[in-house]
Every structure is written in C-alpha cells, then in structure tokens.
Amino acid sequence: MIYKIEKNVIIITDKSQFDINHILKCGQIFRYKIEDGIATVFSLDKKAVVKTENGQTKIISSDLEYFVNFFDLNNNYTNVYNELTKFEFLKESIIFGKGLRILKQDLLESMVSFIISANNNIKRITNSLFYICEHLGQKVDDYYAFPTLKALKTASIEFFTIAGLGYRAKQLYATLQKLDANCLNDFIKMDFAQKQKWLISLSGIGEKVSDCILLFGDNQKYVFPVDTWIEKVYKNNFAQISAKNRFEMRKNLIKIFGEYSGLAQQFLFYYYRENNKKLLSK
DNA sequence: GCCCAGGGATGCG
DNA sequence: CGCATCCATGGG
C-alpha cells in the first residue's frame, strides 16, 4: 500500500511512487493547474487539490475513492520500475520522470481530449477543453465539470470552432453524434482488437489517438502512441531497426517493451519533449 | 513569412 | 495497398 487516508486526506510519503508534477506535466492530461506549487486536477465533475510539503503529498477531494482509482493508488509501481530499468535506453527518462504514473481517466473525456490533440499543441488543447467545460459543463463550486455526453451532443460544429478546434470541430461533432450510453457500455466488454477497430472507425481517431485513448482512458498496456516526438526519439535512437512509418515504429516499439509499452512511451515522451534541444537532432 | 504542434481523412496511382 | 496532400489555428 503506497498511501493512507487520514482525516479525509490521502497521504503519500514515497515520492518515487508519486510525483504530481511529473504525473500532470507528462502530457496524459490537460485539465489541471499548478499555482504556487499547489496542483489542482479536474476529471469528469471531480476536482482534487494536491499539495506536497516536506516530501509528503496530500490529496484533498470530496471524492477520495474516485481519486484513489484515478491515480491508480492501489497499484504499487516498485516492480514496474524494476522491470523498466532493465531497459538501458529508458534509464535517463526514468530518472528524470521518477514518480510518474499512468492515470485512469474517463473513456469519453479521453476520447474528446485526444481527438482535439491531433496535430495540435498542448496549450491550445488545454484552452479548448476548459472552454468546452465552461460552456457545456455544469458548474460545481468554483469550477466547471466535464460535460455529459448528452450536453456534448447538443453542441454545434460552430461551437467547437469557436472553442478553437479548427478542422477537428466537425470530426468531434461527427463522432459525438455516433456515441450513446450503450456503445460506451459495450466498449467495456470488447477485446483489445475490437476496441481498437471501433475507435479507429470514428471520425478524428486514427492509430495514434486510439492508442492514447486506450492507454489513458482504458488502462491498456500494449499500446505505443507514436506522435511527432516519439517519431523523433525513434529516428535518433532506433534507426537500426528499420521502420517506414509510424505504424511500423509502433509495432517495433511494442515488440521491444511488451507489457511496459504504455508506461515506457510516457516516460520517453515526457523526457524528450522537456529536453528536446539537447537530445534530438533529427 | 516560415515551421511546428501528442495526426487523420481523402484521393490518386 | 503506399503515398502525397490538405486540413485550422496560435505560437515561436
């Protein structure tokens, strides 16, 4: 057990298991703020405030059970770290991002977030998502919830354009019109191949976005989202393993990292994106 | 003005 | 199939 709950606060003392800065800044989530060292995280209609003082992390929320699952706190990462460290290539990335964890986010919120992420930058993705919440989500205390599917389906293409989605506005609109509570429930019962096939059949979702949704919104391990950064990492470090395109890079990387693919990808994305100038030339 | 950002859809051979 | 091209938009 890496946490305890005292006086309605989750307490974590092992920073090698949980570093809120790395968890939030590694690109898996967009709805968060860090001000004066205090992090605020939003997921669906929930909010958590995360403070770290004297090496002790406190998570404060009105729904602790939700955030125990969200932060995957019943999963001890010690063993995973030991296995990941065996990959020499990952060592620097793991040292840099020690305490990074894969969040267990909502499926629909992940779908919307990563459809918007395509060929976009993180700042603009963040602004768009907050805008959508402010205008379609219910107000809760001092913030806005992620909208319900019903609310999202009422939004027009024009609304999403104003939200800054660019050409992704009509893609998101089209996908939302295809969704309902039934198909999201059916998704849970599908096997991996069916899930991937269904996701890619939707507008605005290709292989990379599908991998992000499966990794962050469905806790899948055998995925390796290859975006522009991972492509650079590949060209700089795996040039000897020939790959014509991102599809082949993904296949090769999953073959190398196996069940640790999703997490390895996240460490690499974070490390190389944060340090790109000195590490990547191609 | 150019290039880039957590790529995907489309059309052409 | 593989591949080239287009797609909005803000920032560097």
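Reminder, nothing fancy here: chain letters follow the sequence lines and each chain counts from 1. All figures in this text were calculated on a predicted structure; none of them were measured in a lab.
Summarising the geometry, the separation between OH on A:Tyr167 and P on B:dG7 is reported as 8 Å, rounded to the nearest angstrom. If you take CE of A:Met111 and C1' of B:dG8, they are 15 Å apart, rounded to a whole angstrom. The nearest whole Å value for the distance from the CZ atom in A:Arg273 to the C1' atom in B:dC4 is 12 Å. Separating the CG atom of A:Leu172 from the C1' atom of B:dG8 is a distance of 14 Å, rounded to the nearest angstrom. Rounded to whole Å, the distance from CG on A:Asn121 to P on B:dA5 is 9 Å. The distance from atom CD of A:Glu274 to atom C1' of B:dA5 is 15 Å, rounded to the nearest whole Å. In this structure, A:Glu207 places its CD atom 12 Å from P of B:dA9, rounding to the nearest Å. Distance, A:Arg124 CZ to B:dA5 P: 13 Å, rounded to whole Å.
Taking the six-membered ring for Trp and the full ring otherwise, the centers of A:Phe192 and A:Tyr222 sit at least 6.0 Å from each other. Proximity of the aromatic rings of A:Phe146 and A:Phe42 is defined here by a centroid distance below 6.0 angstrom, and this criterion is not met. When ring centroids are compared, A:Phe160 and A:Tyr173 stay outside the 6.0 Å threshold. Checked against the 6.0 Å centroid threshold, A:Phe30 and A:Phe130 do not count as a close aromatic pair.
Only at 4.0 angstrom or more do the heavy atoms of residues 214-229 of chain A sit from any atom of DNA chain C, so none qualifies.
C:dA8 sits 14 Å from B:dG11 when the P atoms are compared, rounded to a whole Å. Nucleotides C:dC3 and B:dA5 are separated by 22 Å at their C1' atoms, to the nearest Å. B:dC2 and C:dC6 have their P atoms separated by 14 Å, with the value rounded to a whole Å.
Scanning for side-chain hydrogen bond (donor to acceptor under 3.5 Å, both in side chains) contacts around A:Ser43 gives A:Tyr66, with sequence neighbours left out.
Mapping A:Cys212 and A:Gln171 onto DNA chain B via the closest heavy atom, the residue that lands nearer the 5' end is A:Cys212. Along DNA chain B, the nucleotide nearest A:Ile230 and the nucleotide nearest A:Ser201 are compared for position; the residue whose nucleotide lies closer to the 5' end is A:Ile230. Residues A:Lys244 and A:Leu165 each lie close to DNA chain C; by heavy-atom proximity, the contact nearer the 5' end of the strand is made by A:Lys244.
A:Gln266 comes within 4.0 angstrom of a nucleotide base, judged by non-hydrogen atoms across all strands. Nucleic acid contact for A:Gln28: base, since at least one base atom lies under 4.0 Å from a heavy atom of the residue. Residue A:Ile29 is out of contact with every strand shown, counting any heavy-atom pair closer than 4.0 Å. Within 4.0 Å of A:Gly164, counting heavy atoms only, lies no atom of the nucleic acid at all. Contacts of A:Arg168 with the nucleic acid, taken as non-hydrogen atoms under 4.0 Å apart, include base atoms. Nucleic acid contact for A:Ile115: none, since no nucleic acid atom lies under 4.0 Å from a heavy atom of the residue.
In the 5' to 3' direction, nucleotides of DNA chain C lying under 4.0 Å from heavy atoms of chain A begin and end at C:dC7 to C:dG10.
In this pair, A:Phe267 and A:Tyr81 present their aromatic rings perpendicular. The plane angle is above 60°, beyond the 30 to 60° band. Taking the six-membered ring for Trp and thresholds of 30 and 60 degrees, A:Phe159 and A:Tyr131 have ring planes inclined between 30 and 60 degrees apart. Classification of the A:Phe257-A:Phe238 ring pair by plane angle, with boundaries at 30° and 60°, yields perpendicular.
Side-chain N/O atoms of A:Lys170 include none lying less than 4.0 angstrom from OP1 or OP2 on B:dG8.
A:Asn76 and A:Gln17 share a donor-acceptor pair across their side chains, judged by distance under 3.5 Å alone.
For A:Lys170, the NZ atom is loosely surrounded, since the number of other residues' heavy atoms within 6.0 Å does not exceed 12. Around the CD atom of A:Glu207, the shell of radius 6.0 Å holds more than 12 heavy atoms that belong to other residues, nucleotides or ligands.
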